[in-house]
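As a basis for the values below, the full set of heavy atoms in this structure was taken, side chains included, without hydrogen atoms, waters or symmetry mates.
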Amino acid sequence: MIKKILEEQFGFNSFRPLQQESIEAITNKKDLLTILPTGGGKSLCYQLPALYFQGQLTIVISPLIALINDQVMALTQNGIHADKLTSELDSEEVSEVYRKLYNKELSLLYVSPERANMDGFKGLLNQLDVSFIVIDEAHCVSEWGHEFRPDYRKLHFLKEEFPHIPIAAFTATATSRVADDIVEALRLSEPVRLKGSFFRDNLILNVKKRVGNGRVELANFLKNYEDESGIVYTFTRKETVEVAKFLNSRGFEALAYHAGLKNELRRETQDKFIKDKVKIIVATIAFGMGIDKSNVRFVVHMDLPKSMESYYQEIGRAGRDGLKSECLLLYSMSDVVKKSELMNSIEDERYKNFAKNKIEELYAYANSRECRHKAVTGYFEESLDECVSLCDNCQKEDIAELDITKEARMLLSTIYRTGQNFGKAHIVDILRGSKNTKVLDNRHDTLSVYGIGDEISKTSWDLIVDKLFEIKALKRGEFRQLVLTQFGANVLKGQAQVSADEDIFKKAGKKVSLAKKD
Ligand code: ADP
Ligand code: MG
Ligand code: ZN
């Protein structure tokens, strides 16, 4: 029966991992939590049983109107009776949906969380014959997820007031903390819990320190992908426009996309991308949720995503067709600082620290020498052997280490001698003997450290500063100024050594006058 529906209604001849198990839990009237990565095929897990329970209604709660619209349209095109209740509908349209519901004309009803929490919806549940309720993108119930929605958290009323209706929750967010929170928040009763593998063996994962604004690196990367589709993520809306322009000037077809664009333009841009009329979308993270385009060959991040969950979801948009695809993450310590500062506006102290830690976790991932696939799947509590050839770290030959203790001490000494009151740019100006007014006004040209580092390029100094942050020799003061930690003080006194990968300095280009570590 189930197999027949799969073939006849959906046109697939086999299940993907855990689809069958999920479907069986639902048809056995059990509560369910299924964790499958983006693109794993979660929709089928509930759309198929919705048809299995003929004559009954399946309710799907989904967080985004755009997602709801897409799914209802796709189902309708497939000849499946589906409709929706969202804030977009006027009262006449709502009445029409109600009419269909009372006439038992629908197999699936999609509902936004806001609607689900309205009293009218409870009334509806009391009157209809509901087979099961789906909570899609269920991580939205959890404050520990990355897309918390207060309206989702209130959905516990479903189980409390309608304990006889099974609930099936789906998400791609896989930490056990979030999973436990979902079960608890929705009051699931002895749920079947299923979790798929997060290893994407067709994705090549590359991570690099960003030099400057990273655009040269981006253009070089894209040379390998002429005429291929891909997404470039930037942090700000302004950057989407600038990077798209830059790519256009280099002969690439690219369009910008962000939440500030008019709806119509957003839809048009997304549509062009899906239909291969434009190859590259340069976007903020507003782009991508629910986009089901199979031939995305690359995803580039121009700076650090806000968490491992976001990173995984964004790279997950590449290679849904199973063909080899490449992901490039360009990052810098300044991304962490920039994003942490934005988080200072979060009032809840606990949540603020949690969000800051998420970014730092991702920075540690970016900076690490461990297999990327091992690190990513490890984050989702899955253990994997090293990928051998699918990530930059596994492809890298052993890299020589450089002893940069001398340079680190020059830098720390300059910070110390200027009272730990200045930012990176000024400190590097002093080291390189700049004659700019800020240096002269502060009489920093009279310091003994003035100009002692003019052999070393500005970019290399930036990377040394990054390294000192990484090893926690430096921290930021209240006004973003560079401040020595206890460990930094030890380095300055010559009590601790500092070394760095040689390739870090190669990337910085030109002047590398550092001593090789023996
Ligand atoms: P998710 O919600 O898990 O991110 P979707 O439900 O949007 O994923 O499914 C992703 C894609 O996989 C869709 O294009 C869907 O048609 C396809 N798909 C789902 N199940 C199967 C299957 N058993 N065989 C082939 N393709 C499938
Ligand atoms: Mg989905
Ligand atoms: Zn690897």
Side-chain angles (χ1 to χ4, degrees), residues 5 9-10 19 22-23 25-27 29-36 38 40-89 93-94 97-98 100-101 104-118 120-122 124-125 127-141 147 149 151-159 162 165-173 182 185-186 188 191-192 194 289-290 292:
I5 303 177
Q9 298 276 351
F10 294 93
Q19 284 184 327
S22 300
I23 291 165
I26 294 173
T27 56
K29 295 256 159 203
K30 294 233 171 17
D31 282 350
L32 167 72
L33 171 61
T34 290
I35 300 170
L36 275 180
T38 307
K42 292 183 283 295
S43 321
L44 184 93
C45 297
Y46 57 81
Q47 289 172 351
L48 194 153
L51 302 185
Y52 170 91
F53 289 116
Q54 247 177 18
Q56 282 185 298
L57 178 71
T58 296
I59 288 174
V60 183
I61 299 175
S62 174
L64 278 185
I65 292 185
L67 279 182
I68 292 179
N69 290 343
D70 285 354
Q71 295 226 356
V72 170
M73 202 167 64
L75 287 165
T76 309
Q77 277 168 3
N78 254 343
I80 295 168
H81 300 286
D83 214 327
K84 63 193 176 189
L85 282 176
T86 65
S87 56
E88 275 186 344
L89 304 190
E93 289 166 318
V94 172
V97 176
Y98 272 63
K100 288 188 202 168
L101 288 170
K104 290 184 161 256
E105 286 174 22
L106 295 178
S107 300
L108 286 121
L109 177 71
Y110 282 75
V111 183
S112 63
E114 291 73 17
R115 274 269 167 187
N117 280 303
M118 288 181 184
F121 182 71
K122 285 184 199 172
L124 201 60
L125 279 183
Q127 294 173 56
L128 299 172
D129 184 9
V130 177
S131 52
F132 65 104
I133 298 175
V134 177
I135 316 286
D136 204 2
E137 313 287 349
H139 58 278
C140 295
V141 308
E147 289 165 325
R149 293 274 297 263
D151 273 313
Y152 251 67
R153 193 138 193 112
K154 293 184 206 148
L155 293 174
H156 53 82
F157 83 85
L158 291 169
K159 207 71 211 176
F162 305 92
I165 306 180
I167 291 184
F170 294 88
T171 178
T173 303
I182 292 170
L186 295 175
L188 299 187
V192 173
L194 301 169
M289 201 187 208
D292 184 20

Walk me through it: do Leu155 and Ile133 pass the test side chain to side chain contact (heavy atoms under 4.5 Å, CB included)? CA-CA 11 Å; Leu155 293 174; Ile133 298 175; over 6 Å; no
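- Side-chain N or O atoms of Lys159 include one that pairs as donor or acceptor with a backbone N or O of Ile165 at under 3.5 Å.
- Side-chain contact, Ser112 with Thr86: no donor N or O sits under 3.5 Å from an acceptor N or O.
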Considering only distance and modelled atom types, tabulate donor-acceptor pairs under 3.5 Å from the side chains of residues 75-83, sequence neighbours left out.
unit_1, atom_1, unit_2, atom_2, d
Thr76, OG1, Val72, O, 2.6
Asp83, OD2, Lys100, NZ, 2.7

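- A pairwise comparison of heavy atoms in Leu186 and Ala169 identifies CD1-CB, 4.1 Å as the closest pair.
- Checked against ring pair (Phe, Tyr, Trp, His ring centres under 6.0 Å), Phe170 has the following partners two or more places apart in sequence or in another chain: Tyr46.
- In terms of modelled atom types and a separation under 3.5 Å, the side chain of Tyr152 and the main chain of Ile61 share a donor-acceptor contact.
- The shortest non-hydrogen separation linking Pro49 to Ile23 is CD-CG1, 3.9 Å.
- In this structure, CZ in Phe132 is found 4.5 Å from CD1 in Ile26, a value given to the nearest 0.5 Å.
- The 12-atom threshold is not exceeded at CD of Gln54, counting heavy atoms of other residues, nucleotides or ligands nearer than 6.0 Å.
- Closest approach of Thr173 and His139 over heavy atoms only: OG1-CG, 3.5 Å.
- Taking 4.5 Å as the limit, every side-chain heavy atom of Leu64 sits out of range of all side-chain heavy atoms of Glu137.
- Residues meeting the side-chain hydrogen bond (donor to acceptor under 3.5 Å, both in side chains) test with Gln9, sequence neighbours left out: none.
- Without hydrogens or angle criteria, Asp136 side chain to Ser62 main chain gives no donor-acceptor distance under 3.5 Å.
- The list of salt bridge (charged side-chain N to carboxylate O under 4.0 Å, His left out) pairs with a residue in residues 40-67, not counting sequence neighbours, is empty.
- Shown here are the side chain to side chain contact (heavy atoms under 4.5 Å, CB included) partners of Leu128, two or more places apart in sequence or in another chain: Leu57, Leu101, Tyr102, Leu124, Val130.
- Expressed to the nearest 0.5 Å, how far CG of Leu36 lies from CG of Leu194 amounts to 8.0 Å.
- The two atoms that bring Leu33 and Leu188 nearest to each other are CB-CD1, 4.5 Å, heavy atoms only.
- Side-chain contact between Lys29 and Phe53 is present, with at least one heavy-atom pair separated by less than 4.5 Å.
- The closest side-chain heavy-atom distance from Met118 to Leu85 is not below 4.5 Å.
- Ile59 has its side chain within reach of Leu125: a pair of non-hydrogen atoms, C-beta onward, lies under 4.5 Å apart.
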Apply side chain to side chain contact (heavy atoms under 4.5 Å, CB included) to residues Asn69 and Glu88 and explain how you reach the verdict. CA-CA 10 Å; Asn69 290 343; Glu88 275 186 344; 3.3 Å; yes
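- Taking each heavy atom of Gln47 and Tyr110 in turn, the nearest pair found is NE2-OH, 3.1 Å.
- Of all the heavy atoms in Pro166 and Ser131, the pair that sits closest is CD-O, 3.4 Å.
- Between Leu109 and Val97 there is a side-chain heavy-atom pair separated by less than 4.5 Å.
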Would you please test Arg149 and Glu114 for salt bridge (charged side-chain N to carboxylate O under 4.0 Å, His left out) and show each step? CA-CA 10 Å; Arg149 293 274 297 263; Glu114 291 73 17; 3.0 Å; yes
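- With sequence neighbours left out, the side-chain hydrogen bond (donor to acceptor under 3.5 Å, both in side chains) criterion links Ser43 to Gln71.
- Contact of the Lys104 side chain with the Asp129 side chain is registered, since non-hydrogen atoms from C-beta on lie closer than 4.5 Å.
- One distance of note links CD1 of Ile68 with CE of Met73; it measures 13.5 Å at 0.5 Å rounding.
- Separating the CG atom in Leu106 from the CD atom in Gln56 is a distance of 14.0 Å, to the nearest 0.5 Å.
- Side-chain atoms of Lys30 never come within 3.5 Å of backbone atoms of Ala25 as a donor-acceptor pair (strictly under, hydrogens ignored).
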